[in-house]
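Structure first, then comments.
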Amino acid sequence: MACFLVPTTEAIVTTVVKHVADKKGSDNIFIKKMNWLNNMLWGGSALLAFEHVWHGEVTPWFPFLTAAADPADAAEMLHEMGTSGVAMAILVTVAWVIMVLVSQAISKKKAPAVAKTQAKA
């Protein structure tokens with residue numbers, strides 16, 4: 001119903017964090033690779049929002065979320081956001097952390113190999 005709002009909120013926060021960190025010139029590898037996380041979150045949120053529009057759960061008129069019109073449905077919607085939405089946001093973030101760590105390990109492994117190749121030349 002509204003599970004896409006949780007990763008969308010995370011995407012907004014991480015986009016602001018990335019923007020502020022870029023202005024300060026951070027050298028943190030996670031800040032440098034935060035575009036990956038932002039792209040994953042924005043893309044996933046857009047697909048989820050489209051799916052909810054497709055199924056008529058999101059409308060262009062108030063209250064926008066069909067579940068928000070009825071208190072019983074609103075409680076179910078909040079439960080879904082707290083379970084599915086949070087789980088999706090955490091899963092995407094953990095996948096991004098793993099991607100950054102693997103990327104860092106690969107680049108550290110390649111650096112000595114490149115240095116050896118250049119020394120032979």
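Numbering of residues begins at 1 and proceeds along the displayed sequence. In this text the structure is predicted, and so the values were computed from the model without any measurement.
- Side-chain contact between L65 and T59: absent, with no pair of heavy atoms (C-beta onward) separated by less than 4.5 Å.
- Residues H52 and C3 come closest through the heavy atom pair NE2-SG, 3.5 Å.
- Under a hydrophobic clustering in which Ile, Leu, Val, Met, Phe, Trp and Tyr are joined whenever their side-chain heavy atoms come within less than 4.5 Å, directly or via other members, L37 and M99 fall into the same cluster.
- Residues satisfying the side chain to side chain contact (heavy atoms under 4.5 Å, CB included) test with E76, not counting sequence neighbours, are M1, D73.
- Residues G85 and P7 come closest through the heavy atom pair O-CD, 4.0 Å.
- A donor-acceptor contact under 3.5 angstrom links the side chains of W42 and T15, judged on distance only.
- In this structure, NE2 in H55 is found 12.0 Å from OG1 in T66, a value given to the nearest 0.5 Å.
- Closest approach of A68 to A74, counting heavy atoms only: CA-CB, 4.4 Å.
- The heavy-atom pair separating L41 from A11 by the smallest distance is CB-CB, 3.7 Å.
- Taking the six-membered ring where the residue is Trp, W54 and F50 present tilted rings, their angle falling between 30° and 60°.
- Cluster annotation: V6 is not connected to L47 through the hydrophobic network of ILVMFWY side chains, with a link wherever side-chain heavy atoms come within less than 4.5 Å.
- In this structure, L78 CG and M81 CE are separated by 6.0 Å, a value rounded to the nearest 0.5 Å.
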Which atom pairs, one a donor and one an acceptor, fall under 3.5 Å between side chains of residues 23-34 and the rest of the protein, sequence neighbours left out?
from, atom 1, to, atom 2, distance (Å)
S26, OG, N28, N, 3.2
N28, OD1, F30, N, 2.7

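- In this structure, W36 is a member of the same hydrophobic cluster as V97, with clusters built from ILVMFWY side-chain heavy atoms closer than 4.5 Å.
- A continuous path of ILVMFWY side-chain contacts below 4.5 Å connects M88 to I90, so both sit in one hydrophobic cluster.
- Summarising the geometry, atom CH2 belonging to W96 is positioned 8.5 Å from atom OG1 belonging to T14; distances are rounded to the nearest 0.5 Å.
- Listed by first and then second residue, the salt bridge (Lys or Arg N to Asp or Glu O under 4.0 Å) pairs involving residues 7-22 are K18-D22 (not counting sequence neighbours).
- The cluster map of Ile, Leu, Val, Met, Phe, Trp and Tyr, joined by side-chain heavy atoms under 4.5 Å apart, puts L48 and V53 in the same cluster.
- Considering all non-hydrogen atoms of both residues, M77 and A2 come closest at CG-CB, 3.6 Å.
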